[in-house]
Amino acid sequence: MHDQIVLKQIFCLMTDPAKPTLSGADMLISGGIVEKIAPQGGLDIPQGARVIDCSKHVVIPGLVNTHHHFYQTLTRNHPAVQDAELFDWLRFLYNVWKHIDADGVYYSSLLAMGELLKTGCTTTTDHHYLYPRGFEGDLMGIQFEAADTLGMRFSPTRGSMSLSQKDGGLPPDSVVQTADEILADSERVITRYHDSSPMAMHKIVLAPCSPFSVTKELMRDSARLARAHGVRLHTHLAETRDENDFCIEMYGKRPVALMQECELIGPDVFYAHGIHFNDDELRILAETGAHIAHCPSSNMRLGSGICRVQEMLGMGINVGIAVDGSASNDSSDMLGEVRNALLLQRVEKGAAALTARQAFAMASENGANMLNFSNVGKLEEGWAADAAIFNVHTLPYAGSLSDPVAALLFCGDDHTTDYTIVHGKVVVDNRRLVGIDEEELVVKANGISKRMLAKAERKEEA
């Protein structure tokens, strides 16, 4: 049974360029969808419906996060890699991450999704590619349990790594799997968890980790398996110059040519980062309909570079926004990520490089399109009732309300929603998660993090 909710006196971000905002209206949410939007006072409020006064708020479509690594929330801000670039960062942290267990997966998933929900994100993916030898439990089932506990719309990837250090890759031997193991489990999770409906709460994506951690054959076979079942595909690509050099050295070709050879390109594929594409590669991406998950904070944190978002959008390439893993961000602040996407483009391309409305579109409807949710990402009648509601009648927003929507990105010092609604359910209520005790989650996550770090230190000393 879905709640019925009435949002009163909303100032709402809309997606129609001719009418970008809706002011003073009321919205009825019922059955998990936006049932009706009417002028103020024009709704018959159903008996028993919850009424939320939004007269001091901005309402936006729930944001969509297109790339993450939930487990990395347990290793944020480690002093050994605060100033490291990608490959050195990975080499160090793999030796901590290899100690992840079922509790670590569950609580890191709750932590990452909890942060996302509290900062306006209602739909997310996750790229979990570590499958430590001896791991007990259904890893993706554990993640779905966490998502359901919090009420989040979730489309995780079944990630994979098959090249370890002995094969010339970066990860330790204990966290990679054989191609047969990967493909068998990929088919299992698709069959068990994937829902193809346009407003599904559960979807599956297949995601070989990167060109430097899987074989060409596994990339190709994963692509064929995904298409046989109608699910999306994902991988890291062109994140750093080192990665491009690796592709040339190992495979004799640049990243996009490698993706073409492996059949891992097209309108059902989205790449994380995509910083170091040349002009010809951008044209190929536009022609094939591939998508880009832009991770501005992580790209700044690791010194990887600046994605050519303005040019991509101009060429018709679909670009979404992503927080990336919490050991390279080191946060899951989704509204903060939209702000950083807006500002980072302006560093190289000037003050008009990306507008606030463009940034919000990337973080909502573009992301939903990327993850294959056809009725998610807009607050329109008949669409999914996913909304983030921010109070802008506070000191940090005073003087900014000539454009309350843009104020969310240009102003403010606290990105916490007053309310977050997913599929017609209030999942953040008065700034607190509904599905879990936040203090208990903090204690659990810190305890697991401490144990993982201690195990890694003991192994290093031995």
Please name the residue in the list N366, I321, T123, D386 that meets the side chain to side chain contact (heavy atoms under 4.5 Å, CB included) test with V64.
-> T123

Could you label the plane-to-plane angle of the W97 and W89 rings as parallel, tilted or perpendicular, counting under 30° as parallel and over 60° as perpendicular?
-> perpendicular

Ignoring hydrogens and angles, tell me if any N or O in the side chain of E181 forms a donor-acceptor pair with the backbone of Q177 under 3.5 Å.
-> no

Specify whether H236 and H67 have parallel, tilted or perpendicular ring planes, treating 30° as the upper limit for parallel and 60° as the lower limit for perpendicular.
-> perpendicular

Under 6.0 Å from the CD atom of Q82, do we count more than 12 heavy atoms belonging to anything else shown?
-> yes

Taking the six-membered ring for Trp, are F390 and H415 ring centroids under 6.0 Å apart?
-> no

Does R133 reach the main-chain N or O of D173 with its side chain, forming a donor-acceptor pair under 3.5 Å?
-> yes

Is a donor on one side and an acceptor on the other found under 3.5 Å between the side chain of H273 and the backbone of A238?
-> no

Which is it for S331 and N329 under the side-chain hydrogen bond (donor to acceptor under 3.5 Å, both in side chains) test, yes or no, and what are the steps along the way?
-> CA-CA 5 Å; S331 170; N329 183 315; 4.7 Å; no

Distance-only polar pair, side chains of S304 and N299, donor-acceptor under 3.5 Å = no

Crowded around R346 CZ? As in, over 12 foreign heavy atoms under 6.0 Å?
-> yes

Give a yes or no answer on whether the side chain of S326 reaches the backbone of T73 with a donor-acceptor pair at less than 3.5 Å.
-> no

Using the side-chain hydrogen bond (donor to acceptor under 3.5 Å, both in side chains) rule, take N244 and H276 through it: C-alpha gap first, then chi angles, then the decisive distance, then the call.
-> CA-CA 8 Å; N244 284 14; H276 297 286; 5.6 Å; no

Non-neighbouring partners of K450 that pass salt bridge (charged side-chain N to carboxylate O under 4.0 Å, His left out), sequence neighbours left out = none

Polar side-chain atom of Q165 near backbone of L170 as donor-acceptor pair, under 3.5 Å = yes

Taking the six-membered ring for Trp and the full ring for Phe, Tyr or His, determine whether the centres of F154 and F70 are under 6.0 Å apart.
-> yes

Side-chain atoms of residues 367-376: list all donor-acceptor pairs with protein atoms under 3.5 Å, sequence neighbours left out, distances to 0.1 Å.
| from | atom 1 | to | atom 2 | distance (Å) |
| --- | --- | --- | --- | --- |
| N372 | OD1 | R232 | NH2 | 3.2 |

Would one find more than 12 heavy atoms of other residues, nucleotides or ligands at under 6.0 Å from atom CD of E85?
-> no

Pi-cation contact, Y131 with R158 (under 6.0 Å, within 45°) = yes

Taking it one step at a time, do N430 and Y419 satisfy side-chain hydrogen bond (donor to acceptor under 3.5 Å, both in side chains)?
-> CA-CA 6 Å; N430 286 307; Y419 306 95; 3.3 Å; yes

Which pairs pass ring-ring contact (aromatic ring centres under 6.0 Å, His included) with one or both residues in residues 155-197, sequence neighbours excluded?
-> F144-Y193

N/O donor-acceptor pair under 3.5 Å between N65 side chain and V323 backbone = yes

Before giving the answer on ring-ring contact (aromatic ring centres under 6.0 Å, His included), spell out for H128 and H69 the whole-Å C-alpha distance, their side-chain angles and the decisive distance to 0.1 Å.
-> CA-CA 6 Å; H128 191 107; H69 307 291; 8.8 Å; no

Any donor-acceptor pair under 3.5 Å linking the side chain of H294 with the backbone of R308?
-> no

Should T416 and D414 be marked as a side-chain hydrogen bond (donor to acceptor under 3.5 Å, both in side chains) after you check the CA-CA gap, both sets of side-chain angles, and the distance that decides it?
-> CA-CA 6 Å; T416 306; D414 179 357; 2.8 Å; yes

Relative to the ring of Y129, is the ring of Y71 parallel (under 30°), tilted (30 to 60°) or perpendicular (over 60°)?
-> perpendicular

So, the side chain of S162 versus the backbone of T178: is there a donor-acceptor pair under 3.5 Å, distance only?
-> no

Check the pair R301 / D324 against salt bridge (Lys or Arg N to Asp or Glu O under 4.0 Å), numbers first and verdict last.
-> CA-CA 11 Å; R301 157 78 158 80; D324 200 8; over 6 Å; no

